[in-house]
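Basis for what follows: all heavy atoms, side chains included, without hydrogens, waters or symmetry-related copies. Letters go in sequence order (proteins before strands), and every chain restarts at 1.
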Amino acid sequence: MSNESTASSNFIEDIIESDIRNNKNNGEVVTRFPPEPNGYLHIGHAKSICLNFGLAKKYKGRCHLRFDDTNPGKEDVEYVDSIMEDVKWLGFDWGRHLYYASDYFDRLYDYAVQLIKEGKAYVCDLNADEIRKYRGTLKEPGKESPYRNRSVEENLDLFARMKAGEFANGERVLRAKIDMKSGNINMRDPVIYRIQKSEHHRTGNIWCIYPMYDFTHCLSDSLEEITHSICTLEFENNRPLYDWVLDELKVKRHPQQIEFARLNLNYTVMSKRRLLELVKGGYVKGWDDPRMPTISGLRRRGFTPEAIRDFCERIGVAKADSVVDIALLEHCLREDLNRRAARVMAVLRPVKVIIDNYPEGKTEDLQAENNPEDALAGTRMIPFSRELYIEEEDFMENPPKKYFRLSLGQEVRLKHAYIIKCKRIVKDEKTGQVNELHCSYDPKTKSGSSEENRKVKGTLHWVSAQHAADAEVRLYEHLFSKENPDSGEEDYKKNINPLSFELLTGCKVEPSLLNVKHGTNYQFLRQGYFCVDPDSSGKMPVFNRTVSLRDTWAKIKKKEGK
RNA sequence: UGCCCGAUGGUGUAAUUGGCAACACGUCUGACUCUGGAUCAGAAGUCUCCAGGUUCAAGCCCUGGUCGGGCAGCCA
């Protein structure tokens, strides 16, 4: 596992290295990952997590996990728990540095009082609608609120009464007194506290006023002595406000906010709002639906933390918005799984093969390597007998050229077993469907025996019919059929790929797969990587297709089809 | 005639901070193979958004454009 080290540097590291050279913050590097617990983490968060924890590790600093829980209406412990689980699963450790913005509510309140005392904040009685109107537009400056010049005493009194619960939701807010004519709308006397009489998942009902993001975030960073506060591009316009609050309050540590471009992936949607909608609307089976780009979805799909970290490393960090090709994610996954997943044989769409010249009732145990990429993975025995299953698509009555698989009169090797030749087809009289393939085998061609080293073009996977276990297999593809499903012209939900999920029952797998541990990754030979779903039981193993193998034959077919 | 940010092969990032544009994914060839997997070898593809300027030298600096993104929650 050497997927760190020599990746080329990015502009954030340049800034940090320069800060270290100048002994800024005494050369300390402290970062944080600050999720709001209002949804599940997704691969875009993974980029931020890898960045923040990675930076802390690289520069021997630390990275905090802080829940930005200032909006009780939308937040929930369910999300807190899942976020912690996901960060841990990704392989990061915040140690004792677990924080909640809600832990700072008292201090934040004191800071607000300080601002009021210095005449830099005021209680405003305008309602939300009026505030919007006074704010002006992108092109026109705003107007000052009629409540802007209240006395400090009156502001103090009103703010205390807001806290005491004397007013209804929305009746008053606390605003920073900055500049209603600023070109940056965030600076037009932003609201920093609002009344919200709802129960908070951690502080219960003791607060009925809650601080806004712009006030909370910078001060939380400062309180935790963060040095580099890394966030996504949409907060660029908030940076002047971030700096304003810290400057006016004259805090000891003033972290530097640095923005980077969030991750976008083609064939998927990433916004929390969209993901929530997919879950709540029943378009997927939950936050951990294997088609979701959530960490829990990827985990259930069979992704490994290593693959995700490697991906985050490779995509880099920059300020230009971009869309990463999902093929890169899949590449990282295959690369990791290739060296760790045990090979097994599973027939997804079985067709029966009868080897006429193989003795009835005979069973042989054949040795099979578990992973050709890993000598330490060892071998196992798999049973072979007269009746087998092979993959439906591995036989064609009228094969096109370059078809290396089984057809009438043609030979193929059965992996780890013998070379067989197809002699006769038994079809259903009515449907014409192939029921049985009668073959002969050549006893001299047993795998491992050196006498007969005849080469055949094709090698198939198979399972012994009497020994095979039944299994359920769930096939997944991209959730959306368009590269950019949410481009705006149409409802993104119209672009959901109807083939993104396919359920296969009656699959036949080798007996070693009967009692397997949830989450284990396997490679089904010639098919792809699959992992054991939590729905799996000792009676009926259930596998999710994580990702298919690279398939040159499929590519050839596709090309010729066009 | 608001403010802020960005632009380098198809995609994502680099470029010793001003020195003959590189890496990865993808694509295409070929070799090898008891996985049409993996691996190996190779190829095509960017004259760095445009126009000026500074300089012996510009993807990097300056000026002006063009195009793209973000901002008008009592969300974060």
Side-chain angles (χ1 to χ4, degrees), chain A residues 7-10 14 34-36 38 68 70-71 73-75 124 126-128 131-133 135-142 169-175 181-188 190-196 209-210 212-214 216-217 231-240 259 261 263 266 272-273 314-332 334-335 338-339 343 345 369 372-373 402-405 412-417 419 445 447-448 453 455-461 523-528 548-556:
Chain A
S8 55
S9 69
N10 58 57
D14 291 345
E36 184 191 8
N38 69 345
D68 216 337
T70 57
N71 190 5
K74 288 187 176 156
E75 297 156 5
C124 184
L126 259 24
N127 65 35
I131 286 184
R132 191 180 329 113
K133 283 183 183 126
R135 188 156 32 225
T137 68
L138 292 177
K139 288 186 181 143
E140 293 140 25
N169 285 353
E171 209 174 316
R172 284 178 228 268
V173 293
L174 184 70
R175 293 228 253 167
K181 299 187 295 297
S182 172
N184 182 342
I185 291 175
N186 290 304
M187 302 298 271
R188 321 238 261 229
V191 172
I192 56 177
Y193 262 92
R194 81 286 209 183
I195 297 168
Q196 196 181 135
I209 56 172
Y210 291 93
M212 302 286 293
Y213 166 84
D214 286 303
T216 309
H217 201 86
C231 61
T232 44
L233 250 26
E234 70 268 28
F235 292 101
E236 261 176 323
N237 296 321
N238 299 58
R239 181 163 18 104
E259 310 86 13
L263 170 66
N266 53 14
K272 274 192 186 176
R273 212 180 129 245
R314 293 197 200 208
I315 56 177
V317 179
K319 291 198 73 168
D321 342 72
S322 56
V323 183
V324 176
D325 193 337
I326 192 131
L328 179 60
L329 215 209
E330 293 169 349
H331 171 263
C332 294
R334 290 190 182 104
E335 194 174 72
N338 176 48
R339 59 174 186 240
R343 272 62 171 172
M345 295 213 275
E369 58 189 347
E373 303 295 318
K402 286 204 210 149
Y403 185 80
F404 305 152
R405 307 175 186 184
V412 293
R413 165 159 307 270
L414 296 179
K415 180 77 176 174
H416 304 308
I419 290 175
T445 60
S447 284
N453 256 334
K455 300 270 188 236
V456 287
K457 212 47 173 142
T459 301
L460 309 185
H461 60 279
Q523 184 196 96
F524 287 2
L525 227 61
R526 302 205 308 132
Q527 305 270 4
S548 64
L549 251 23
R550 281 188 64 224
D551 188 349
T552 7
W553 171 242
K555 218 174 259 181
I556 292 168

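Using C1' as the reference atom, B/C67 and B/C61 are 23 Å apart when rounded to the nearest Å. Of the C1' atoms belonging to B/C20 and B/A24, the separation is 23 Å, rounded to the nearest Å. As rounded to the nearest Å, B/C49 and B/U39 have P atoms that lie 34 Å from one another. Rounded to whole Å, the separation between the P atoms of B/G18 and B/C25 comes to 31 Å. For the P atoms, the distance from B/G65 to B/C23 is 38 Å, rounded to whole Å. The gap from the C1' atom of B/G59 to that of B/A15 amounts to 9 Å, rounded to the nearest Å. Using C1' as the reference atom, B/C60 and B/A76 are 35 Å apart when rounded to the nearest Å. Comparing B/U55 with B/U63, their C1' atoms are spaced 16 Å from each other, to the whole Å.
Among the heavy atoms of the strands lying under 4.0 Å from A/Y403 is at least one base atom, whether or not backbone atoms are also near. Counting any heavy atom pair closer than 4.0 Å across all strands shown, A/K555 reaches sugar-phosphate atoms only and no base atom. Note on A/V323: only backbone sugar-phosphate atoms sit closer than 4.0 angstrom, heavy atoms only; bases stay farther off. A/I315 comes within 4.0 angstrom of the backbone, heavy atoms only, and of no base. Among the protein residues, A/K272 comes within range of no part of the nucleic acid, since none of its heavy atoms lies under 4.0 Å from any strand. As judged by a 4.0 angstrom heavy-atom cut-off over every strand, A/N38 is placed among residues making no nucleic acid contact. No engagement by A/M187 is indicated, since no non-hydrogen atom pair under 4.0 Å with the nucleic acid exists. Within 4.0 Å (heavy atoms only), A/L263 reaches no atom of the nucleic acid at all. Contact annotation for A/H416: base contact, defined as any heavy-atom pair under 4.0 Å involving a base atom. Within 4.0 Å of A/N238, counting heavy atoms only, lies at least one base atom of the nucleic acid. Within the 4.0 angstrom heavy-atom criterion, base atoms lie near A/F235. Nucleic acid contact for A/N71: sugar-phosphate only, since backbone atoms but no base atoms lie under 4.0 Å from a heavy atom of the residue. Contacts of A/L233 with the nucleic acid, taken as non-hydrogen atoms under 4.0 Å apart, are absent. Counting non-hydrogen atoms under 4.0 angstrom, A/T552 reaches the backbone sugars and phosphates but no base.
Side-chain contact between A/Q523 and A/L525: present, with at least one pair of heavy atoms (C-beta onward) separated by less than 4.5 Å. Residues A/H217 and A/T70 have side chains not in contact (no heavy-atom distance under 4.5 Å, counting atoms from C-beta outward).
In B/G45 the base sits anti relative to the sugar, since the glycosidic angle is further than 90° from 0. Classification of B/U17 as syn follows from a glycosidic angle within 90° of 0.
The nucleotide whose nearest atom lies closest to any side-chain atom of A/R132 is, among B/G73, B/U35, B/A14, B/G73. Closest to the side chain of A/R405, from the set B/G12, B/C4, B/G36, is B/G36. Of the candidates B/U17, B/C34, B/C5, the closest approach to any side-chain atom of A/T459 belongs to B/C34. For A/L549, counting side-chain heavy atoms from C-beta on, the closest listed nucleotide (B/A38, B/U35, B/U11) is B/U35. The side chain of A/V191 has B/C74 as its nearest neighbour among B/G2, B/C74, B/A38. Listed nucleotides B/C74, B/A72, B/C34 differ in distance to A/K455; the shortest reach to its side chain belongs to B/C34. Distances from the side chain of A/N338 to the nucleotides B/G2, B/C75, B/A38 place B/A38 closest. The A/L138 side chain lies nearest to B/A72 when the options are B/A76, B/A72, B/G36. Of the candidates B/G70, B/C74, B/G6, the closest approach to any side-chain atom of A/A320 belongs to B/G6. For A/K415, the side-chain atoms get nearest to B/C34 when compared with the rest of B/C25, B/G70, B/C34.
Taking atom CD1 on A/I185 and atom P on B/C3, their separation rounds to 12 Å, with Å as the unit. In this structure, A/I326 places its CD1 atom 14 Å from C1' of B/G12, rounding to the nearest Å. Rounding to whole angstrom units, OH of residue A/Y193 and C1' of B/C74 are separated by 14 Å. In this structure, CG of A/L525 is placed 13 Å from P of B/A38, rounded to the nearest angstrom. Rounded to a whole Å, the CG atom of A/D551 is 15 Å from the P atom of B/U35. Taking atom CZ of A/R239 as the reference point, atom P of B/C3 lies 16 Å away to the nearest angstrom. Whole-Å rounding puts the A/K319 NZ to B/G70 P distance at 15 Å. Note: CD (A/E234) to P (B/C75) measures 17 Å, nearest angstrom.
Map A/G458 and A/L328 each onto its nearest nucleotide of RNA chain B; the residue landing nearer the 5' end is A/L328. In terms of position along RNA chain B, the nucleotide closest to A/D325 lies nearer the 5' end than the nucleotide closest to the other residue of the pair A/D325 and A/T137.
At B/U35, none of the side-chain N or O atoms of A/H461 fall inside 4.0 Å of OP1 or OP2 (strictly under the cut-off). Taking only side-chain nitrogens and oxygens, A/R188 never comes nearer than 4.0 Å to OP1 or OP2 of B/C3. Phosphate proximity of B/U13 to A/S322: present, with a side-chain N or O under 4.0 Å from OP1 or OP2. Within the structure, every side-chain polar atom (N or O) of A/S182 is placed at least 4.0 Å from both OP1 and OP2 of B/C3. OP1 or OP2 of B/G73 sits under 4.0 Å from a side-chain N or O of A/R135. Contact check, A/R172 against B/C74: no side-chain N or O comes under 4.0 Å of OP1 or OP2. Phosphate proximity of B/U35 to A/R343: absent, as no side-chain N or O sits under 4.0 Å from OP1 or OP2.
Counting all heavy atoms, side chain and backbone alike, A/Y210 lies closest to A/Q196 at CE1-O, 3.2 Å. Across all their heavy atoms, A/R550 and A/K555 have their closest contact at NH2-NZ, 4.1 Å.
Screening A/I209, A/I195, A/V191, A/I192 for a side-chain contact (heavy atoms from CB on, under 4.5 Å) with A/L174, the sole residue that qualifies is A/I192.
For the 3.5 Å distance criterion, the side chains of A/D214 and A/N238 qualify, holding a donor opposite an acceptor.
Side-chain atoms of A/R334 do not come within 3.5 Å of backbone N or O of A/G528 as any donor-acceptor pair.
With centroids closer than 5.5 Å and planes inclined by less than 30 degrees as the test, A/W553 and the base of B/G36 pass as a stacked pair.
For B/G12, its base never sits under 3.5 Å from the side chain of A/R314 at any donor and acceptor pair. With hydrogens and angles ignored, a donor-acceptor pair closer than 3.5 Å exists between the side chain of A/N237 and the base of B/G70. In the interface, the side chain of A/E373 is paired with the base of B/G37 through a donor and an acceptor atom under 3.5 Å apart.
By the 4.0 Å N-to-carboxylate-O rule, A/E369 lies too far from A/R343 to be salt-bridged with it.
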